[in-house]
Enquirer: 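Below are the structure tokens for one structure; questions will follow.
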4 protein chains.
Amino acid sequence: MNPLYEIKISCRDRPGIIAAVTRFIHHELGGNILDLNHHSEEEGHIFFLLSRFTLPPESEPLLHLLNEQPAFQELKRTYDWSFSVYDPALKPKIALLVSTTDHCLYELILKVQEGYLDTEIACVLSNHTTLERVARQFDLPFHYFPTGDDRAGQEALLDEALRRYNVDTVVLARYMQILSNEFIRRWEGRIVNVHHGFLPAFKGARPYHQAWKRGVKLIGATAHYATEDLDEGPILYQDVAPVRNNLSVKAFIQSGRDIERKVIVEGLKLHLERRVFLYEGRTIIL
Amino acid sequence: MNPLYEIKISCRDRPGIIAAVTRFIHHELGGNILDLNHHSEEEGHIFFLLSRFTLPPESEPLLHLLNEQPAFQELKRTYDWSFSVYDPALKPKIALLVSTTDHCLYELILKVQEGYLDTEIACVLSNHTTLERVARQFDLPFHYFPTGDDRAGQEALLDEALRRYNVDTVVLARYMQILSNEFIRRWEGRIVNVHHGFLPAFKGARPYHQAWKRGVKLIGATAHYATEDLDEGPILYQDVAPVRNNLSVKAFIQSGRDIERKVIVEGLKLHLERRVFLYEGRTIIL
Amino acid sequence: MNPLYEIKISCRDRPGIIAAVTRFIHHELGGNILDLNHHSEEEGHIFFLLSRFTLPPESEPLLHLLNEQPAFQELKRTYDWSFSVYDPALKPKIALLVSTTDHCLYELILKVQEGYLDTEIACVLSNHTTLERVARQFDLPFHYFPTGDDRAGQEALLDEALRRYNVDTVVLARYMQILSNEFIRRWEGRIVNVHHGFLPAFKGARPYHQAWKRGVKLIGATAHYATEDLDEGPILYQDVAPVRNNLSVKAFIQSGRDIERKVIVEGLKLHLERRVFLYEGRTIIL
Amino acid sequence: MNPLYEIKISCRDRPGIIAAVTRFIHHELGGNILDLNHHSEEEGHIFFLLSRFTLPPESEPLLHLLNEQPAFQELKRTYDWSFSVYDPALKPKIALLVSTTDHCLYELILKVQEGYLDTEIACVLSNHTTLERVARQFDLPFHYFPTGDDRAGQEALLDEALRRYNVDTVVLARYMQILSNEFIRRWEGRIVNVHHGFLPAFKGARPYHQAWKRGVKLIGATAHYATEDLDEGPILYQDVAPVRNNLSVKAFIQSGRDIERKVIVEGLKLHLERRVFLYEGRTIIL
């Protein structure tokens with residue numbers, strides 16, 4: 001099998017970038033492009049590119065090749081590229097942080113099990129013991145780190161577990177606990193959260209109660225990267241469902257469960273497929 | 001043809017209301033119920049009922065009958081009813097208030113023309129002359145009331161026209177002009193507005209620009225009753241459409257047009273069919 | 001607690017039915033109506049009614065009361081009612097028939113577990129052993145009835161198990177095995193099936209392959225009652241999802257899984273809530 | 001302004017195509033790629049590519065350049081390309097063929113007027129005089145070609161008008177008249193039709209009546225290229241809307257109107273933007 005690689009590039013937009021990239025991959029690396037997606041941001045004149053390509057069977061690892069290639073150094077200088085390179089053969093590992101609600105946890109486990117999410121669940125971590133039974137049903141490691149007065153201590157335990165399991169991405173699957181700014185900074189761009197409301201409409205606590213009181217006709221949920229300002233992180237995926245206005249708050253919450261589990265899966269999928277670029281607090285998704 | 005009536009009732013919920021209403025219509029009035037919808041609001045213990053029924057061919061007008069019926073007075077006292085009675089044969093008249101954007105205006109005219117909205121457009125009123133050509137295309141009266149320093153004077157002209165045309169409901173079809181609290185109070189519950197954003201997410205000016213900057217993945221629009229706090233009126237209808245995150249603001253606005261024209265038509269339709277109850281700043285729709 | 005009942009009535013449409021029913025419940029039975037839904041079928045002049053009501057605490061069972069009530073016998077005669085009476089306190093039991101695909105099975109188990117479907121899963125029956133592990137994960141009885149040359153014998157085993165577990169409704173959750181006409185007749189109106197295609201567009205085998213070849217832009221799934229002509233049963237629920245036209249057949253199938261699990265849950269929910277009337281090969285859902 | 005061009009290429013898939021195209025545009029033509037979309041069809045090993053690019057200000061016309069370029073002839077030979085080249089500055093002209101229903105006609109006119117469809121309506125042609133008033137409202141040429149015994153004669157008049165107005169694409173906007181195979185062959189790939197049903201579910205006449213009788217829970221419409229087998233043409237766009245099962249056929253038809261006008265606009269838009277490739281009776285849309 002030929003080794004498969006992905007490259008993500010962003011830079012100021014200017015003529016000839018696509019031709020330069022494709023020529024480099026084809027001629028200098030001897031690669032074959034399978035996919036190429038790009039977007040030029042009109043307002044900021046920024047260019048984003050994502051490409052998957054194969055290299056010949058006996059190639060050296062890509063990063064190695066790039067470092068040695070004067071042509072690539074030249075391209076980097078010319079276009080002032082930010083770039084990252086991935087080896088799709090390395091399956092990323094995720095940790096699921098949960099509290100007491102099980103619908104997002106079940107959905108993530110099942111979507112990994114059926115191969116829709118191309119990742120490995122390294123562990124389930126929780127500040128409650130409630131969902132240990134779900135982890136056990138699927139033979140997943142479960143750890144209970146209660147939150148008490150010593151938040152720093154609890155987060156140290158989380159961190160230690162994430163390191164031990166070689167976790168790449170943390171998924172807050174209805175983890176109803178505020179994380180410290182330090183923790184969030186350490187994992188910046190690698191914590192996917194689900195907000196059980198259509199952001200930015202209903203920030204803060206009890207969004208379904210807020211929505212019900214306001215008499216909205218659609219409820220929604222939002223998957224986003226966690227940032228220090230918890231409800232302001234860059235949005236990955238959103239969805240809504242119509243609610244008949246004469247439903248109770250309880251029915252709003254129940255309708256919300258299916259949307260929450262959908263957005264967390266779709267948002268995480270975009271992240272795992274590395275289709276997401278961050279730019280000025282927004283996501284650009286290719 | 002037997003005369004057709006509608007009755008709307010709201011009161012505190014208690015046993016036997018449906019039986020009392022249906023028996024009264026059938027036995028005391030000799031009527032035949034065609035439709036009956038009701039809803040009990042769990043949290044407030046409030047009951048809402050909407051029914052259409054026919055009376056025998058030679059009946060007196062319903063309000064006349066009700067005033068003379070001791071049984072009805074008794075029911076009103078027992079249940080402490082708020083009620084209203086409508087004659088569906090009387091087609092309500094609407095006025096369309098517009099500024100310079102034509103998509104909501106065209107849609108409302110076409111939906112009335114094809115009979116989807118059961119109403120008559122009495123006149124088109126505007127603070128610009130831009131859309132006079134559209135009114136002329138469909139032979140609708142058009143009046144130009146420019147807004148300058150004298151807002152009270154302009155609103156007096158509006159009021160005078162609405163009275164002259166016997167208008168029942170005012171539709172703000174992208175009328176980009178703030179109305180005074182006095183005007184809004186005079187027409188309370190009879191002004192349908194379209195907000196070009198998914199309320200309450202993006203209040204205020206330029207909602208599509210706000211949405212684009214925030215990187216939302218769905219944009220929406222909201223039809224609601226106008227209240228003194230313009231973006232807080234009870235919501236009639238909402239809809240959304242997915243936006244690819246790499247679209248420009250201009251494309252956001254373009255995608256928004258179809259949602260705006262849909263929600264103004266559907267919201268107005270619910271109002272014209274008298275299916276809307278107002279309760280604590282929300283709508284209950286039967 | 002006052003005992004709660006449901007009554008379903010269908011008959012030829014004529015004046016006064018609603019008033020007659022509500023008066024009977026309120027006056028003869030001393031009941032209190034919580035909900036009442038009805039529909040008059042214009043084309044066939046048929047009337048359908050569904051109502052939930054409570055009786056006073058010390059009432060006799062409803063069927064008992066009705067049999068003794070001359071007033072009810074009178075109503076039945078006058079309107080020529082088909083009617084059925086339910087005791088919502090008796091939770092219906094379902095059996096899940098599966099083959100080798102697990103997504104519908106998991107979804108049904110989880111939706112029962114969280115209370116969205118108000119039923120009890122009595123057993124999981126299969127013609128393969130593949131999904132025994134899923135039943136075990138949730139401590140559900142599992143029985144393996146292989147299909148070989150003796151279909152009649154296999155169906156006798158199915159029937160015996162369904163009787164032993166007091167099953168009310170059979171759910172074909174991707175049970176990829178044709179059932180005999182005799183079996184289907186025995187369970188008429190009580191077998192809910194999911195067809196992995198948007199009926200009636202893609203009947204028969206491999207609907208996603210058919211859809212892909214035809215280049216459709218939406219794929220769907222259908223929940224319906226099983227009838228002797230398997231793909232022609234009355235439809236309970238349908239849903240679709242857009243497919244990008246450049247997806248592979250495999251991606252069509254993957255996208256279809258979420259729609260299948262949604263329609264089987266929603267179709268079954270309508271059935272379990274007894275909101276479905278059968279009329280001329282269609283469903284009327286109140 | 002630099003001249004803008006589009007190129008569409010399809011060929012058997014093989015390594016290096018993207019690099020070859022982009023290098024050619026950039027190096028041989030001195031062009032700058034604005035957009036590049038591609039798709040590899042797994043099952044048929046076919047490659048499709050669509051690209052927009054600018055040439056330097058004083059360039060000769062693109063087709064001229066290509067014919068003179070040995071490098072391009074070489075590429076064509078190497079990859080066995082089917083290709084077409086467009087000048088986006090030349091706005092395509094469309095003719096609207098209508099009968100008596102106006103909703104698709106109004107929608108197409110309005111979407112052209114607001115710039116959503118980048119085309120010019122050259123004329124409105126009809127076999128009835130009913131919609132002449134709509135054409136007049138918008139100052140569009142209208143011609144009445146009645147269909148009688150002489151279909152060939154009527155189609156000759158159509159053809160003559162289409163030629164006279166330099167029409168590029170014919171839109172059948174609810175033109176309820178069968179066209180001859182000869183006519184369809186002459187305009188192959190350039191006739192966009194709307195079928196008022198979700199193909200392939202309800203072919204033939206009165207699809208909403210068929211759908212209602214079958215009790216479907218979603219109704220839809222389909223935009224497709226007209227082919228000799230009228231309901232089998234390659235699908236451009238489809239959409240559906242949920243229908244409450246207790247609606248009348250009339251309400252089905254009314255709900256269908258909004259879907260029909262949406263799919264005809266979106267399907268035509270894809271065609272006008274040249275994003276459609278035809279392949280084995282399906283469309284591939286980039």
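What you see below is based on every heavy atom in this structure, not just the backbone, and it leaves out hydrogens, waters and symmetry mates. Below, read A as the first sequence line, B as the second, and so on, with proteins coming before strands; counting in each chain starts at 1.
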Enquirer: Please classify the contact of B/Lys203 with chain A as side chain, backbone, both or neither, using a heavy-atom distance under 4.5 Å.
Expert: neither

Enquirer: Is it the backbone or the side chain of B/Tyr237 that comes under 4.5 Å from a heavy atom of chain A, or both, or neither?
Expert: backbone

Enquirer: Quick one: closest heavy-atom pair of A/Val240 and B/Leu218, and the distance?
Expert: CG1-CD1, 3.8 Å

Enquirer: Mind listing the closest non-hydrogen atom pair of B/Arg282 and A/Trp212 along with its distance?
Expert: CD-O, 3.0 Å

Enquirer: Relative to chain A, which segment of B/Gln210 carries a heavy atom at a distance below 4.5 Å: side chain, backbone, both, or neither?
Expert: neither

Enquirer: B/Gly215 and A/Ile235: which non-hydrogen atoms are nearest, and at how many Å?
Expert: O-CB, 3.7 Å

Enquirer: Got more than 12 heavy atoms from elsewhere within 6.0 Å of CZ, A/Arg206?
Expert: no

Enquirer: Would the number of heavy atoms belonging to other residues, nucleotides or ligands and lying under 6.0 Å from CD of B/Glu188 be above 12?
Expert: no

Enquirer: What residues of residues 9-24 of chain B sit under 4.5 Å from chain A when you count only heavy atoms?
Expert: none

Enquirer: Rounded to the nearest 0.5 Å, what's the gap from CG on A/Leu286 to CZ on B/Arg244? Could you check?
Expert: 11.5 Å

Enquirer: Is B/Glu228 atom CD crowded by more than 12 heavy atoms from other residues, nucleotides or ligands, each under 6.0 Å away?
Expert: yes

Enquirer: For the residue pair A/Arg214 and B/Gly233, what are the closest heavy atoms and their distance?
Expert: NH1-O, 3.5 Å

Enquirer: What's the spacing between B/Thr283 OG1 and A/Lys217 NZ if we round to 0.5 Å?
Expert: 2.5 Å

Enquirer: Just checking heavy atoms, which of residues 261-276 of chain A are less than 4.5 Å from chain B?
Expert: none

